[in-house]
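Proteins come first, then strands; the chains are lettered A, B, ... in the order of their sequence lines, and each starts at number 1. As the structure is a computational prediction, the values presented were derived from the model and not from experiment.
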There are 2 protein chains.
Amino acid sequence: MAKFNPELMRGSLDLMVLSILAAGPKYGYLLQQELHEASRGAVDIQAGTLYPLLHRLESDKLIRCQWDDSTGRRRKWYEINDAGRKRLAVQAREWQEYADCIRTLLATVADAVPRPA
Amino acid sequence: MAKFNPELMRGSLDLMVLSILAAGPKYGYLLQQELHEASRGAVDIQAGTLYPLLHRLESDKLIRCQWDDSTGRRRKWYEINDAGRKRLAVQAREWQEYADCIRTLLATVADAVPRPA
DNA sequence: CTGAATACATCGCCTGCATATATATAGCGT
DNA sequence: ACGCTATATATATGCAGGCGATGTATTCAG
């Protein structure tokens with residue numbers, strides 16, 4: 001699977017991260033890998049994107065975090081909360097509506113564009 | 001239909017504009033309205049967004065334009081060309097792959113989020 | 001011991017959309 | 001005639017957020 005245009009992912013990265021976190025607590029690096037696998041290699045969120053994003057979600061009180069210093073590897077575990085789940089539901093619904101909108105738009109011109117090779 | 005979060009539309013405005021133009025030549029203001037109607041009011045692309053976007057598409061040789069000064073209302077008609085149609089096909093395919101990716105991601109956590117009211 | 005992988009963080013740059021502003025004409029009501 | 005709204009295009013300014021680069025530190029494999 002080819003990498004997606006980054007501009008396309010703007011506006012749905014939050015949604016993706018919240019989705020992954022909805023499956024259970026994760027630390028950043030793990031989340032990064034799971035998102036990569038879940039998208040079959042298409043989504044490769046960079047560290048410089050992920051960590052600020054997580055900090056933003058935290059300051060918005062959608063997730064809470066906790067350091068685990070018990071091992072040599074310091075890990076910061078993130079867990080989605082009720083507000084986060086609610087936000088996820090809202091954003092998921094909004095995204096589906098948007099996707100329907102685009103799909104409709106594309107369907108009306110489907111015969112006006114050349115077939116992809 | 002409520003207005004979409006602008007961040008959500010980033011990266012797909014080109015796609016939408018090319019889609020509308022694939023149906024036939026349009027001038028900016030008309031395109032703006034047709035996109036508004038086609039999305040049942042959800043997409044309201046602003047003039048300050050639309051015109052620079054059209055200029056970009058033009059300088060990328062995906063559309064060509066022509067002034068119509070025959071009436072008092074100066075209108076700049078835009079028409080999609082072969083390169084534009086090809087780009088539209090590519091972007092449409094890319095978008096559908098991306099949408100599938102998100103849909104899959106959301107499906108796996110569908111039972112972990114509260115039902116929207 | 002060296003290099004790669006793990007793990008988190010921050011900074012500066014760039015893209016692209018929003019807002020605001022500007023210009024000018026057409027058409028309508030009063 | 002006057003003012004308001006709609007039509008029609010254009011640019012400047014600002015900002016949010018993702019990217020690449022860079023930094024720190026630990027673990028593990030060769």
Side-chain angles (χ1 to χ4, degrees), chain A residues 3-18 20-21 25-37 39 42-60 62-63 65-78 91 98 102, chain B residues 3-18 20-21 25-37 39 42-60 62-63 65-78 91 95 98:
Chain A
K3 244 183 70 180
F4 294 125
N5 177 353
E7 282 301 318
L8 210 55
M9 294 194 281
R10 268 190 85 141
S12 27
L13 273 184
D14 287 14
L15 177 63
M16 288 193 266
V17 167
L18 287 175
I20 296 287
L21 286 178
K26 305 273 185 293
Y27 57 91
Y29 191 79
L30 178 60
L31 197 154
Q32 186 182 23
Q33 291 179 116
E34 290 200 3
L35 190 51
H36 187 74
E37 284 159 28
S39 66
V43 177
D44 191 15
I45 187 170
Q46 298 304 305
T49 300
L50 178 60
Y51 293 110
L53 191 158
L54 285 169
H55 299 160
R56 211 163 50 238
L57 292 178
E58 193 198 350
S59 75
D60 288 348
L62 301 174
I63 60 180
C65 76
Q66 197 176 353
W67 279 105
D68 174 17
D69 289 318
S70 65
T71 65
R73 288 249 186 274
R74 281 169 76 250
R75 282 168 180 162
K76 204 171 176 181
W77 288 82
Y78 290 95
Q91 285 195 355
Y98 182 61
I102 299 278
Chain B
K3 241 183 75 177
F4 294 125
N5 178 352
E7 282 299 318
L8 209 57
M9 294 193 282
R10 276 189 82 126
S12 29
L13 276 182
D14 286 16
L15 177 62
M16 288 192 269
V17 167
L18 287 175
I20 297 287
L21 286 179
K26 305 275 185 292
Y27 58 92
Y29 191 80
L30 178 59
L31 197 153
Q32 186 183 22
Q33 290 180 115
E34 290 200 3
L35 190 50
H36 187 74
E37 285 160 27
S39 65
V43 177
D44 192 15
I45 187 170
Q46 297 304 304
T49 299
L50 178 61
Y51 293 109
L53 191 158
L54 285 169
H55 299 161
R56 211 164 49 239
L57 291 179
E58 192 198 350
S59 74
D60 287 348
L62 300 174
I63 60 181
C65 75
Q66 196 176 354
W67 278 103
D68 174 18
D69 289 318
S70 66
T71 66
R73 290 250 185 271
R74 282 169 76 252
R75 284 170 180 162
K76 203 170 176 181
W77 289 82
Y78 290 96
Q91 285 193 357
W95 192 88
Y98 182 62

List for me each residue that meets side chain to side chain contact (heavy atoms under 4.5 Å, CB included) alongside A:Glu7, sequence neighbours excluded, and say none if there are none. A:Asn5, A:Arg10, B:Arg10

Using atom CG of A:Asp68 as one end and atom C1' of D:dT26 as the other, report the distance to the nearest whole Å. 14 Å

What string of B, S and - do you get for nucleotides 17-23 of chain D 5' to 3' if you count protein non-hydrogen atoms under 4.0 Å? BSBB---

Quick one: does any side-chain atom of B:Ser39 pair with a main-chain N or O of B:Leu35 as donor and acceptor, under 3.5 Å? yes

Without swapping roles, check the side chain of A:Gln46 against the backbone of A:Asp44 for a donor-acceptor pair under 3.5 Å. yes

Can you pull the salt bridge (charged side-chain N to carboxylate O under 4.0 Å, His left out) pairs that have at least one residue in residues 45-55 of chain B, sequence neighbours excluded? none

When rounded to the nearest 0.5 angstrom, what distance separates CD1 in A:Ile20 from CG in A:Leu15? 10.5 Å

Span of DNA chain C in contact with chain B (heavy atoms, under 4.0 Å): C:dT15 to C:dA26

Between the main-chain N or O of B:Ser70 and the side-chain N or O of B:Asp68, is there a donor-acceptor pair closer than 3.5 Å? yes

Greater than 12 external heavy atoms within 6.0 Å of B:Gln33's CD: yes

Residue-level proximity of residues 69-76 of chain A to DNA chain C when a heavy atom falls under 4.0 Å: A:Arg73, A:Arg74, A:Arg75, A:Lys76

Within this structure, what is the CH2-to-C1' distance between A:Trp67 and D:dA25, rounded to whole angstrom? 11 Å

With B:Tyr27, which residues qualify under ring-ring contact (aromatic ring centres under 6.0 Å, His included), at least two apart? B:Trp77

As a quick check of understanding, evaluate salt bridge (charged side-chain N to carboxylate O under 4.0 Å, His left out) for A:Arg74 and A:Asp69, giving each step before the final call. CA-CA 5 Å; A:Arg74 281 169 76 250; A:Asp69 289 318; 3.6 Å; yes

